[in-house]
Amino acid sequence: MSHLEFPHKETSDEVEPRLSGFVWYRQGMRHLLSTPALVLCLSFLGFGGFARESGIDIVHAMVMTISVWALPSKVVLVGGIVSGAGLAAIATAVALASVRLMPMIVAFIPELRDKDTPAWKLYGLSHVTAVTSWVFGMQKLPELPRYARVPFYAGFALTLSIINTGVTALGYGIAGVVPPIVAAALFLTTPLYFMLTLPSAARLVSDRLALVFGYALGPVFALLTPGMDLIWTGLVGGLAAYAIGYVGRRRL
């Protein structure tokens, strides 16, 4: 795919002429044909098939996509429903699966907002922010003037969530056609893409160290604490990377 050009960005946040929010929204939508968006759509095809095989109604599967959005959290939700767990247990499990996104949002919002951005827009865009859109935003938003970032990001992330609601229904409908191994492979495309693209969004030494520690500690904690491996990997690896980065910054 050819490189998509952004409208010219001046050194300050003042752009002459100042383009409308709709123009920037369309610029964000143009990236729906990019690799991150296409990979995520393949994953939601897999989720649609997974929901059908788990006995979830198609409407419920679509509501899960637009309301929960993050794919791992939806898998946890479906698993809890199938196992017959109680509402409180399922809600706790989904919350724990989603809490990993909170520090990402804390780091992302300062890159997204302008001084006049209404809080409700930030809340809405935070809801449609998962790893794919976060990586996309951290790569693209610094290139844009401040006033353009919210509509540009909405054009990508918000539209992508709406499209994948329909993709979930499509995956649900074709689940009986494709072999189970194909549906499983579709699920794996997203985590594989994350592993390959997250390094490009890591700007600080602590960010890069967190990735290295995560890759190294993940298999260790998978053996030591099955079921809690992601939490312990994030806590130990993330805190260690932050501490090393903090000490390094203090010495500068």
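Numbers here simply count residues along the sequence, with the first being 1. As the structure is a prediction and not an experimental result, all values here were calculated from the model.
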Assess the side chains of Tyr25 and Ser20: does a donor N or O sit below 3.5 Å from an acceptor N or O? no

Considering all heavy atoms of both residues, which atom of Ile90 and which atom of Ile81 are nearest to each other, and what is their separation? CD1-N, 3.8 Å

Do Val128 and Leu125 touch side chain to side chain, with heavy atoms closer than 4.5 Å? yes

Spatial distance of atom CG (Leu122) from atom OG1 (Thr129) [nearest 0.5 Å]: 10.0 Å

Minimum side-chain heavy-atom gap Leu38-Leu42 below 4.5 Å: no

Hey, can you tell me if Trp24 and Tyr147 have their rings parallel, tilted or perpendicular (30° and 60° cut-offs)? perpendicular

Leu160 to Cys41 - nearest heavy-atom pair and separation: CD1-SG, 4.3 Å

On a heavy-atom basis, the closest approach of Phe156 and Ala37 is CE1-CB, 4.1 Å

Same cluster or not: are Phe221 and Leu239 linked, directly or through other Ile, Leu, Val, Met, Phe, Trp or Tyr residues, by side-chain heavy atoms under 4.5 angstrom apart? no

Take the angle between the ring planes of Phe152 and His31 and call it parallel below 30°, perpendicular above 60°, tilted in between. perpendicular

With a 4.5 Å cut-off on side-chain heavy-atom distances among I, L, V, M, F, W and Y, is there a chain of contacts connecting Val82 to Phe47? yes

Would a distance-only check, ignoring hydrogens and angles, find a side-chain to backbone donor-acceptor pair under 3.5 Å from Arg149 to Asp114? no

Shortest non-hydrogen contact between Ala157 and Ser133, atoms and distance: CB-CB, 4.1 Å

Out of curiosity, Leu144 CG to Glu111 CD, how far, rounded to the nearest 0.5 Å? 11.0 Å

Are the side chains of Met64 and Val78 in contact, using a 4.5 Å heavy-atom criterion? yes

Joint hydrophobic cluster, Val220 plus Val236, side-chain heavy atoms closer than 4.5 Å: no

Can you name the side-chain hydrogen bond (donor to acceptor under 3.5 Å, both in side chains) partners of Ser161, sequence neighbours left out? none

Kindly list each side-chain donor-acceptor pair under 3.5 angstrom involving residues 53-63, sequence neighbours excluded, with atom names and distances?
unit_1: Ser54; atom_1: OG; unit_2: Phe50; atom_2: O; d: 2.8
unit_1: Asp57; atom_1: OD2; unit_2: Val59; atom_2: N; d: 2.9

Residues forming a side-chain hydrogen bond (donor to acceptor under 3.5 Å, both in side chains) with Tyr172, sequence neighbours excluded: none

To the nearest 0.5 Å, tell me how far Asn164 CG sits from Leu40 CG. 5.0 Å

Give a yes or no on whether the backbone of Thr225 and the side-chain of Trp232 come within a donor-acceptor separation of less than 3.5 Å. no

Measure the spacing between NZ of Lys74 and OG of Ser98 and express it to the nearest 0.5 Å. 9.5 Å

Spacing of Thr117 atom OG1 and Leu112 atom CG [to the nearest 0.5 Å]: 7.0 Å

When rounded to the nearest 0.5 Å, the distance separating NZ of Lys140 from OG of Ser34 is 8.0 Å

Taking every heavy atom of Ile109 against every heavy atom of Ser126, the minimum-distance pair comes out as CD1-OG, 3.6 Å

Using the rule given for side chain to side chain contact (heavy atoms under 4.5 Å, CB included), can you reason through Ile174 versus Leu45, listing the C-alpha separation, both sets of side-chain angles and the distance that settles it, and then say yes or no? CA-CA 9 Å; Ile174 66 175; Leu45 278 175; 4.2 Å; yes

Considering all heavy atoms, the nearest Ala130-Leu101 contact: CA-CD2, 4.3 Å

Determine whether Thr132 and Val39 make a side-chain contact, defined as any pair of heavy atoms from C-beta on separated by less than 4.5 Å. no

May I ask you to check whether Trp69 and Phe44 place their ring centres under 6.0 Å from each other? yes

